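A short write-up of the structure that comes next.
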Amino acid sequence: MNHNQPKILLAVLNARYSHPSLGLRCLLANMGSLQEQTSIAEFLIGDAIEDVVEQILAQSPAILGFSLSIWNVVKSRQIMAVIRQVAPEIRIIVGGPEVRWAKEPVKEAHHLLRGEGEEAFPTLCHQILQGQDVPAVVDGGLPNLKTAVLPYDLYSDKDLEQRITYVETSRGCPFGCEFCLSSRERKVRTYPRQALEEAFDNLIRRGCRTFKFIDRTFNIHEDSSIAWLDFFYERWPKDDKGHLIGPDVIRQPGRSAQRNESLFLHFEVVPERFGPRFLKSLSRFPSGGIQLEMGVQSLAPEVGERIGRPVHQKEIAESIQSLKSQTTVHIHADLIIGLPGEDEQSFARGFDKLREMGPDEIQLGILKRLPGAPIDRHTEKFAMKYNQEPPYDVLATSCIDFVQMQRLKRIARYHEIFCNSGRFVQGMEHIMAEGDSAFLALKKFSQWLWEKMGRAHAIGQPRQFALVLEYLQDHLNMDAEHAATVLAEDFLRNGHPRYLPECLRPYLSKDDLEKLLQKKTV
């Protein structure tokens with residue numbers, strides 16, 4: 001870098017270290033003649049404001065581009081406010097999902113860049129460096145993906161070893177789900193396949209093992225989807241007998257190194273579109289090598305129609321059943337709490353129906369009013385009350401009052417800890433089999449946890465096992481030795497006997513553990 005040139009710094013607060021910013025790398029790759037004087041600074045949402053400011057100022061940027069998302073916007077604005085005070089000479093530009101459809105400037109920044117920035121951001125920087133007048137709000141539009149420079153060489157070797165590698169083959173979505181910002185485009189734009197294949201080939205050669213595709217609808221075009229599966233099948237690491245190597249663990253970790261030599265692919269899919277050819281293509285991959293994220297959202301037909309997400313329950317059930325019987329992919333399905341017009345009873349029925357279909361995970365998300373999303377049109381009719389601060393989560397509706405919503409949010413959190421963590425497969429099966437409704441059983445367990453703990457976060461793993469053990473004994477009347485054996489088997493699925501939770505040890509002899517370990521290896 002020529003140190004006499006004004007520096008441009010692209011900054012972001014990431015949620016976790018394992019989540020690098022693809023967006024900033026896309027900007028850097030397309031900076032053209034300004035690329036040599038542009039760099040990226042990635043911080044974490046938990047970093048102290050003063051420390052972030054100090055590190056930014058240490059690079060003496062003339063222009064600071066800050067990427068804003070729903071999760072980092074509050075702290076990012078605090079950081080920019082400090083910079084405006086201590087280094088007013090730095091010109092600040094904000095962009096990203098949080099302000100993509102914004103109409104008003106962000107007061108802590110000099111300029112707001114709407115839309116996508118690959119073409120508009122370098123132009124804006126040129127104008128600023130040349131002393132031109134630039135408006136406070138700039139419409140970046142949609143760049144031409146056919147000519148855009150791909151960003152994948154900008155992942156460092158350390159990124160590929162320790163972090164998730166985010167990739168995309170397309171942008172946009174043909175569907176109109178009103179809670180999603182992609183619904184405003186209703187079209188799909190694609191990158192040139194040959195350029196992507198060369199880039200992905202290079203990533204694999206450099207040791208990349210985790211590819212997380214952020215395309216909204218991977219399986220919207222079957223031929224293209226199958227072609228990509230063929231691409232990875234041909235490059236998948238194989239053993240001495242030519243069999244595809246499977247991962248050490250089924251659930252997706254944050255580090256590529258934890259997956260040994262196996263690849264891991266994550267795709268977002270439309271649950272109704274699984275033809276025989278696509279299923280056959282998926283059937284070739286080892287268990288845990290592919291995760292499919294299905295956006296079911298709601299199984300109430302009237303709710304689905306209302307939000308532009310028609311419900312095809314029969315097709316969803318058939319797709320999940322076909323995936324389970326013909327493939328070994330990991331199925332992750334989403335439901336949203338708080339959609340307009342859906343009450344707790346309707347949501348409970350949808351949860352029970354989806355669980356009966358048998359996905360490996362059900363993610364219980366909370367409706368958020370993303371800035372610019374069409375879901376806002378239902379606010380008045382359904383008395384939708386949202387948090388005015390990010391993440392703009394729903395507080396109450398005409399069908400679910402605030403207290404009910406709080407309970408549902410806790411259920412979602414406890415479900416993530418005790419079900420989706422994969423730590424309590426058998427234990428939670430016993431708990432959720434109580435009565436006729438898995439949701440009501442989960443609700444009962446959640447209410448007990450809240451009364452017992454008074455919190456839905458910061459619950460360590462040993463405490464989690466102690467809580468489930470107590471619930472199985474005291475509320476399901478399970479024999480202590482039987483309950484401990486169930487939970488020990490759960491723990492040993494991915495844990496080492498040396499670290500068996502203390503609460504289980506009094507009920508299990510050395511011989512008992514040996515039997516469980518032998519059962520695991522069979």
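As a basis for the values below, the full set of heavy atoms in this structure was taken, side chains included, without hydrogen atoms, waters or symmetry mates. Small disclaimer: the values here were computed from a predicted structure and weren't measured.
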No-hydrogen, no-angle side-chain donor-acceptor test under 3.5 Å, [X] and [Y]:
X: R91; Y: H111; result: yes
X: Y17; Y: E42; result: no
X: N219; Y: S225; result: no
X: Y499; Y: Q461; result: no

At their closest point, which heavy atom of [X] faces which heavy atom of [Y], and how far apart are they?
X: M357; Y: L299; result: CE-CD1, 4.0 Å
X: L129; Y: P6; result: CD2-CB, 3.7 Å
X: R209; Y: P237; result: NE-CG, 4.3 Å
X: V12; Y: S21; result: CG1-CB, 3.9 Å
X: T165; Y: L203; result: CG2-CD1, 4.1 Å
X: L154; Y: A29; result: CD1-N, 3.7 Å

Original post:
Yes or no on side-chain contact (heavy atoms from CB on, under 4.5 Å) for T169 and Y191, after CA distance, side-chain angles and deciding distance?
Top reply: CA-CA 6 Å; T169 67; Y191 286 93; 5.6 Å; no
Verify the neighbour count for atom [atom1] of [X]: are there more than 12 heavy atoms of other residues, nucleotides or ligands below 6.0 Å?
X: K103; atom1: NZ; result: no
X: Q326; atom1: CD; result: yes
X: Q130; atom1: CD; result: yes

In Å and rounded to the nearest 0.5 Å, what is the [atom1] to [atom2] distance from [X] to [Y]?
X: R216; Y: C177; atom1: CZ; atom2: SG; result: 9.5 Å
X: R77; Y: R84; atom1: CZ; atom2: CZ; result: 11.5 Å
X: I93; Y: L64; atom1: CD1; atom2: CG; result: 8.5 Å
X: I337; Y: L335; atom1: CD1; atom2: CG; result: 8.5 Å
X: N420; Y: Y414; atom1: CG; atom2: OH; result: 15.5 Å
X: I375; Y: L339; atom1: CD1; atom2: CG; result: 6.0 Å

Subject >> Pi-cation contact, F491 with R493 (under 6.0 Å, within 45°) >> reply: no
Original post:
Under 6.0 Å from the six-membered ring centre of F274 and within 45° of its axis: does the NZ or CZ of K324 meet both?
Top reply: no
Original post:
Would E293 and H332 count as a side-chain hydrogen bond (donor to acceptor under 3.5 Å, both in side chains) if you check the C-alpha gap in whole Å, the side-chain angles of each, and the deciding distance to 0.1 Å?
Top reply: CA-CA 5 Å; E293 181 176 344; H332 172 113; 4.5 Å; no
Within the structure provided, determine whether [X] and [Y] are in side-chain contact (heavy-atom separation under 4.5 Å).
X: F43; Y: I56; answer: yes
X: I290; Y: L229; answer: yes
X: L354; Y: P359; answer: yes
X: P20; Y: Y155; answer: yes
X: L124; Y: V134; answer: yes
X: I92; Y: E108; answer: no
X: V394; Y: R369; answer: no
X: K187; Y: L142; answer: yes

[X] side chain vs [Y] backbone, donor-acceptor pair below 3.5 Å:
X: D239; Y: I245; answer: no
X: K75; Y: D47; answer: yes
X: N30; Y: A148; answer: no
X: K238; Y: W236; answer: yes
X: R413; Y: K409; answer: no
X: N14; Y: H19; answer: yes
X: R189; Y: P143; answer: yes
X: D360; Y: I331; answer: yes
X: N72; Y: A15; answer: no
X: H330; Y: S287; answer: no

**OP:** Determine, stepwise, if the pair R193 / S224 fulfils side-chain hydrogen bond (donor to acceptor under 3.5 Å, both in side chains).
**Re:** CA-CA 9 Å; R193 176 178 289 275; S224 175; 3.0 Å; yes
**OP:** For the pair I49 and E54, evaluate side-chain contact (heavy atoms from CB on, under 4.5 Å) and give the outcome as yes or no after the intermediate values.
**Re:** CA-CA 9 Å; I49 291 173; E54 183 178 10; over 6 Å; no
Would you call [X] and [Y] a salt bridge, using N to O less than 4.0 angstrom?
X: R284; Y: D230; result: yes
X: R277; Y: E222; result: yes
X: R423; Y: E489; result: no
X: D157; Y: R206; result: yes
X: R171; Y: E116; result: yes

Do [X] and [Y] make the cut of ring centroids closer than 6.0 angstrom?
X: Y166; Y: F213; answer: no
X: F200; Y: W228; answer: yes
X: F351; Y: H415; answer: yes

Original post:
Between R114 and E98, is a salt bridge (charged side-chain N to carboxylate O under 4.0 Å, His left out) present by the stated rule, with each step listed?
Top reply: CA-CA 10 Å; R114 293 160 42 99; E98 175 70 9; over 6 Å; no
**OP:** Begin from the C-alpha positions of Q291 and H266 and carry the test side-chain hydrogen bond (donor to acceptor under 3.5 Å, both in side chains) through to its verdict.
**Re:** CA-CA 5 Å; Q291 176 168 281; H266 172 103; 2.9 Å; yes
Subject >> Evaluation steps, side-chain hydrogen bond (donor to acceptor under 3.5 Å, both in side chains), between K146 and T190 >> reply: CA-CA 7 Å; K146 302 298 182 184; T190 59; 3.2 Å; yes
**OP:** I would like to know whether E361 and R355 meet salt bridge (charged side-chain N to carboxylate O under 4.0 Å, His left out); could you show each step before the answer?
**Re:** CA-CA 9 Å; E361 294 179 22; R355 192 169 185 274; over 6 Å; no
Original post:
So F232 and F211, ring pair (Phe, Tyr, Trp, His ring centres under 6.0 Å) or not? Walk me through it.
Top reply: CA-CA 10 Å; F232 283 101; F211 288 80; 5.1 Å; yes
